[in-house]
Amino acid sequence: MRVLFLHVDYLEYEVTGKALKSIGEIPQERKHGRVEEALVCFLSAEKRDEKDPKAAALAAAKNIEDVAGQLHTKRIALYPYAHLSSDLAAPEPAQAVLAALEAELGKRGYEVHASPFGYYKSFRVSVKGHPLSELSREIVAEATPAVAEEPKEMVNEALKAEQRLVSHWHVLDTQGGFHPLSIEAGRVAGFDFAAHDRLRRFAQYEMAKSREVKEEPPHVRLMQELELVDYEPGSDPGNLRYYPKGRLIKGLLEEFVSQRVREYGAMEVECPVMYDFEHPALKSYLNRFPARQYVVQTPNKRAFLRFSACFGQFLIMKDMVLSYKQLPLSLYELTRYSFRAEQRGELAGLRRLRAFTMPDCHALVTDVAQAKEHMMVRMEVAWKLLQDCGFSLPDDFEVGMRVTEPFWKEHGDFVKAYARRWGKPILIEMWSEQFFYFVLKYEWNFVDANDKAAALTTDQIDTENAKRFGITYADEKGEKQFPYILHLSPSGAVERVLYALLEKAAADIKAGKPPMFPLWLSPTQVRIIPVSGDQLEHARKLLAAFDGVRADLDDTNDTLGKKIRRAEKEWVPYIVVVGKKEIESGKLNVRVRSTKAQEEMTPDRLRKLVMDATAGRPFRPLAENVLISARPIFRG
RNA sequence: GCCACCCUAGCUCAGUCGGUAGAGCAGCCGCCUUGUAAGCGGCAGGUCGGGAGUUCAAUUCUCCCGGGUGGCUCCA
């Protein structure tokens, strides 16, 4: 609510006409009025007052009383005046606020004159002109616990800091060459990008924030058409639904990432999804992490939903008894979910979500030297993992590295070694000082067809949080030391892995190649199609030859062409057609998606082909009924 | 969150200069028994995203809300 206070000799007004069509008639005697020696309050009720008109009226009454007290007047004129605010309440709630305010002031012993709401009025006013006679205030209702309006998001110090952040950009090539970048005429300059177009697009995205394409990301249509993932209007934006086939793929990715991180040596733990705002360490951590939180009201406190696994693992680590002999030491959790209340317009399909699944692995290391060494160990884990998920490295990604100037000066060799290992030039953002809890952070960014970049794998060297959370280890002398902490997400958010796979497939479509998932992720690996109903029984028996393979059977009585088409639209990698010939020969006619060829082979041979190509990856059985005719449609 | 645009059958889309809507595919029923990306016929299917307003009449015009897309901002 906004109020303009005027201490007046007199105020006179006269109704000239209705301002709102919906407003009721008023009696003749209310159509004009005059007050003398009064405190006039021009009032605008605002949107935010609608939630609790009573509380708004109460807060306003308190303010008016405060001002009236200083002016020693008991006479108050309330004058509805819409022009004080650009965010007005709707007429009904506004009238409710004003009525409640009038009643409240009456109760407090004031003589209250209220001019009518919803009418144009002419007025004359004589203002006294002393220092207190003109005054405006913006009044916000105090939140009472029972009806508290929770802030939709928390904007913390880190977010604000990031907005002020000044940084400088460079390209670091594999020979250690360091090229400062600048923006000239909207284009990134300072490095010859001729052989590195995607790095150019990434730098352009990061530095100039300008987009060259303005299209819907192709993965959105694909995720829907393939019945993998879809929007869920019944939830909050950025919280998606997964259909059986999407759940299958996501589940396999989740299992695979976790498997690899355990093999690397991390210990898997599980932590709560919500945390107390008032916990001292968390409170200060929140202010160093640039993210917006979901806020939840528990029965007796306000909590935020985790946006990563960091604090859960830190709270465990602070209670652990640790020796230098045990470091480096890693804890791991696959967070389903991590929550970030991203701004509405930032959400995009699977690229940017409010609820996402992030593998998060924190390693405690003794010092910078061990941090650097161990970061490279983890880099190899992530490298192999993404390769085995179906990506080409380093081709499919661009490194963005953020580093503080002091770290660069002291450990530039490490950064150069990293670029050499990566095998292509990397983009470096350098900060003159340490704004966040890390001194170095890298991300592997997938740059899509629309020149949008999305970070997948990321690791950081954290120099602050051990102190903040009280995490210590005993060194050789038995003295307590604060370790450094590495923050690795080996694959990045699982949803983003799926996003990148779909975007890659979309690029294949554009290039005239058949789009595919890696075999171990294909919802159907082998589709058996009988030529006609006569072969259906034989085809049914054939399923038994594909133990350990996701094989299904098109038992509809559609034509062969139609059944082939259906399988192709589902991206089935191996389509087995069974007719009279095959029954007689005992061989299968296999339509191979990747080569578009038809090949003759035995059932055993095909099974072995699939088993070999998926060895070492997790397996899940079919997500839906083995018979096509028994499957529902989730989405046309 | 801000600015712009979009929302019609399960899906993809027509359409109504304001008089409550149509196609293809999918679904169901029947015929066909199929040789490598859509066989034929019939039936059924809609609070035209939700609410309010203007109007004799709103899917159509206006406003609000929701969902989505693009841009800004921002990130795993």
Side-chain angles (χ1 to χ4, degrees), chain A residues 20-22 47 90 92 152-153 155 159 162-163 206 209-211 213-217 220-221 224-225 227 230-238 289-292 307-309 335 337-360 400 441 443-446 450 452-460 487-497 499-500 514 529-536 556-570 575-582 589-591 593 596-598 632-636:
Chain A
L20 294 169
K21 285 170 187 156
S22 58
K47 268 266 131 53
E92 280 79 3
K152 278 190 195 136
E153 63 181 39
V155 176
L159 271 180
E162 196 164 56
Q163 283 164 10
E206 287 286 325
K209 310 285 184 190
S210 66
R211 303 297 127 68
V213 192
K214 299 178 178 180
E215 285 166 14
E216 174 171 329
V220 173
R221 187 172 270 252
Q224 293 172 327
E225 281 179 359
E227 295 193 315
D230 216 333
Y231 295 113
E232 176 49 80
S235 181
D236 197 45
F289 193 97
R292 297 175 161 82
F307 43 83
S308 72
T335 61
Y337 294 107
S338 287
F339 295 91
R340 298 186 189 178
E342 307 293 7
Q343 298 185 78
R344 189 66 182 73
E346 291 167 359
L347 301 170
L350 284 167
R351 190 203 311 128
R352 192 82 183 277
L353 296 162
R354 281 186 179 169
F356 56 97
T357 307
M358 191 168 60
D360 211 347
K441 166 191 179 183
E443 316 126 15
W444 295 352
N445 291 274
F446 182 87
N450 293 0
K452 300 271 199 179
L456 273 82
T457 300
T458 178
D459 204 353
Q460 309 165 357
H487 296 234
L488 171 73
S489 185
S491 65
V494 171
E495 292 83 355
R496 278 204 176 160
V497 175
Y499 145 81
I529 299 182
V531 172
S532 79
D534 294 342
Q535 292 87 34
L536 187 55
T556 63
N557 64 357
D558 290 321
T559 58
L560 179 63
K562 184 90 163 265
K563 287 183 282 200
I564 297 281
R565 176 179 153 82
R566 176 154 45 228
E568 294 286 4
K569 284 180 69 177
E570 290 178 35
I575 300 171
V576 172
V577 175
V578 183
K580 279 187 200 134
K581 279 184 281 181
E582 287 73 23
N589 181 303
V590 183
R591 191 175 149 120
R593 183 175 182 81
K596 298 179 179 171
Q598 288 181 38
I633 291 165
F634 288 91
R635 190 182 199 281

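The chains referred to below are lettered A, B, ... by the order of the sequence lines, with proteins before strands, and numbering in each begins at 1.
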Side-chain heavy-atom pair [X], [Y] within 4.5 angstrom cut-off:
{"X": "A:I564", "Y": "A:V577", "result": "yes"}
{"X": "A:R593", "Y": "A:I575", "result": "no"}
{"X": "A:H487", "Y": "A:T458", "result": "no"}
{"X": "A:R566", "Y": "A:T556", "result": "yes"}

Counting heavy atoms from C-beta on, name the nucleotide in [options] closest to the side chain of [X].
{"X": "A:E568", "options": "B:A26, B:A37, B:G70", "result": "B:A37"}
{"X": "A:R565", "options": "B:A37, B:A26, B:C75", "result": "B:A37"}
{"X": "A:E443", "options": "B:G39, B:C13, B:A76", "result": "B:A76"}

Distance between [atom1] atoms of [N] and [M] (Å, rounded):
{"N": "B:C43", "M": "B:C48", "atom1": "C1'", "result": "23 Å"}
{"N": "B:C3", "M": "B:A76", "atom1": "C1'", "result": "27 Å"}
{"N": "B:C7", "M": "B:C13", "atom1": "P", "result": "11 Å"}
{"N": "B:G24", "M": "B:A38", "atom1": "C1'", "result": "11 Å"}
{"N": "B:A9", "M": "B:G49", "atom1": "P", "result": "8 Å"}
{"N": "B:A44", "M": "B:G22", "atom1": "C1'", "result": "15 Å"}
{"N": "B:G19", "M": "B:C25", "atom1": "C1'", "result": "31 Å"}
{"N": "B:U12", "M": "B:A26", "atom1": "P", "result": "15 Å"}

| Taking for each residue the nucleotide of RNA chain B bearing the nearest heavy atom, is the 5' side occupied by A:P233 or by A:K569? |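 With A:P233 and A:K569 compared, the 5'-side residue is A:K569.
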
| field | 5'-most by nearest nucleotide on RNA chain B - A:G345 or A:G492 | value | A:G345

| Is there a donor and acceptor pair closer than 3.5 Å between the side chain of A:R496 and the base of B:C75? |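 Under the 3.5 Å cut-off, the side chain and the base do form a donor-acceptor pair.
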
Could you check how far [atom1] of [X] sits from [atom2] of [N], rounded to whole Å?
{"X": "A:R352", "N": "B:G70", "atom1": "CZ", "atom2": "P", "answer": "13 Å"}
{"X": "A:W444", "N": "B:C75", "atom1": "CH2", "atom2": "P", "answer": "21 Å"}
{"X": "A:R566", "N": "B:C25", "atom1": "CZ", "atom2": "P", "answer": "15 Å"}
{"X": "A:L456", "N": "B:A76", "atom1": "CG", "atom2": "C1'", "answer": "8 Å"}
{"X": "A:F307", "N": "B:C74", "atom1": "CZ", "atom2": "C1'", "answer": "15 Å"}
{"X": "A:L350", "N": "B:C75", "atom1": "CG", "atom2": "P", "answer": "20 Å"}
{"X": "A:E346", "N": "B:C75", "atom1": "CD", "atom2": "C1'", "answer": "7 Å"}
{"X": "A:L347", "N": "B:C72", "atom1": "CG", "atom2": "P", "answer": "15 Å"}

For [X], report the nucleic acid contact type (base, sugar-phosphate, nothing); a contact means any heavy atom under 4.0 Å.
{"X": "A:K441", "answer": "sugar-phosphate"}
{"X": "A:G349", "answer": "sugar-phosphate"}
{"X": "A:I529", "answer": "nothing"}

| Consecutive Watson-Crick or G-U pairs in runs of at least 3, all under 3.5 Å, in which RNA chain B is involved | B:1-7 with B:66-72, B:10-13 with B:22-25, B:27-31 with B:39-43, B:49-53 with B:61-65

Heavy-atom pair of closest approach, residues [X] and [Y]:
{"X": "A:L347", "Y": "A:P237", "value": "CD1-CB, 3.6 Å"}
{"X": "A:P490", "Y": "A:P359", "value": "CD-O, 3.9 Å"}
{"X": "A:S338", "Y": "A:S308", "value": "OG-CA, 3.6 Å"}

| task | Give the intermediate values and the outcome of side-chain contact (heavy atoms from CB on, under 4.5 Å) for residues A:D558 and A:R565. | result | CA-CA 11 Å; A:D558 290 321; A:R565 176 179 153 82; over 6 Å; no

| task | Mind checking side chain to side chain donor-acceptor pair (under 3.5 Å) for A:S532 and listing every partner two or more places apart, or none if nothing turns up? | result |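 Expected list: A:Q535.
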
| Straight-line distance of A:R351 CZ to A:Y499 OH, nearest 0.5 Å |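 One gets 5.0 Å once the value is rounded to the nearest 0.5 Å.
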
| task | Using the six-membered ring for Trp and the full ring for Phe, Tyr or His, decide whether A:Y231 stacks on the six-membered base ring of B:G67 (centres under 5.5 Å, planes under 30°). | result | no

Mind listing the N/O atom pairs, protein and nucleotides 34-36 of chain B, below 3.5 Å?
unit_1 : atom_1 : unit_2 : atom_2 : d
B:U34  : O2'    : A:L560 : N      : 3.4
B:U34  : O4     : A:N557 : O      : 2.8
B:G35  : O6     : A:K580 : N      : 2.7
B:G35  : O6     : A:K581 : N      : 3.1
B:G35  : N1     : A:E582 : OE1    : 2.9
B:G35  : N2     : A:E582 : OE1    : 3.2
B:G35  : N2     : A:E582 : OE2    : 2.6
B:U36  : O3'    : A:R591 : NH1    : 3.3
B:U36  : O2'    : A:R591 : NH1    : 2.7
B:U36  : O2'    : A:Q598 : NE2    : 3.4
B:U36  : O4     : A:N589 : OD1    : 3.0
B:U36  : O4     : A:N589 : ND2    : 3.0

| Any salt bridge between A:E225 and A:K569, counting N to O under 4.0 Å? |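 So A:E225 does not pair with A:K569 through a salt bridge.
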
